[in-house]
Amino acid sequence: MAKRLRVAESIKRKLTEALSPRQLKVIDESHHHAGHAGARPSGESHFRVEIVAAAFAGKSQIDRQRMVYAALADILKAGLHALALRTLTPEEDSAVD
């Protein structure tokens with residue numbers, strides 16, 4: 001029987017496969033939402049994703065979010081409650097530094 005991947009690991013794998021990011025951070029913020037609607041007792045329900053990918057070049061913020069949501073469609077359907085996104089191109093990331 002295959003070991004079930006933790007949600008954060010699944011998010012990383014799917015975004016890496018779909019968008020080949022230069023940088024990717026997946027932060028589980030579920031502990032901040034304990035007791036709130038949609039929070040699971042086991043956690044892994046609220047995540048922040050910071051992703052830098054050339055695939056975002058020329059795309060609006062909404063289009064970038066749609067790209068991320070498409071890559072994570074099965075995870076979202078499985079019950080991921082909240083996903084906060086920061087999507088940047090490599091050039092935008094360099095300008096922030």
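Note that this is a predicted model, so its numbers are computed, not measured.
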Any donor-acceptor pair under 3.5 Å linking the side chain of Glu92 with the backbone of Thr89?
yes
Is the closest side-chain heavy-atom distance between [X] and [Y] below 4.5 Å?
{"X": "Pro90", "Y": "Val52", "result": "yes"}
{"X": "Ile27", "Y": "Glu50", "result": "yes"}
{"X": "Gln65", "Y": "Val68", "result": "no"}
{"X": "Asp93", "Y": "Gln23", "result": "yes"}

Spatial distance of atom [atom1] ([X]) from atom [atom2] ([Y]) [nearest 0.5 Å]:
{"X": "Leu83", "Y": "His81", "atom1": "CG", "atom2": "NE2", "result": "11.5 Å"}
{"X": "Leu72", "Y": "Arg13", "atom1": "CG", "atom2": "CZ", "result": "10.5 Å"}
{"X": "Met67", "Y": "Leu15", "atom1": "CE", "atom2": "CG", "result": "10.5 Å"}
{"X": "Leu80", "Y": "Tyr69", "atom1": "CG", "atom2": "OH", "result": "9.5 Å"}
{"X": "Arg86", "Y": "Arg48", "atom1": "CZ", "atom2": "CZ", "result": "9.5 Å"}
{"X": "Leu85", "Y": "Phe47", "atom1": "CG", "atom2": "CZ", "result": "12.5 Å"}

Contact summary for Leu24 and Pro21, nearest pair of heavy atoms
CB-CG, 4.0 Å
Could you report the tightest heavy-atom contact between Lys14 and Ile75, atom names first, then the distance?
CD-CD1, 3.8 Å
Under-4.0 Å salt bridge between Asp63 and Arg66
yes
Hey, mind stepping through Thr87 and Gln61 against side-chain hydrogen bond (donor to acceptor under 3.5 Å, both in side chains) and telling me if it holds?
CA-CA 7 Å; Thr87 57; Gln61 284 297 322; 3.0 Å; yes
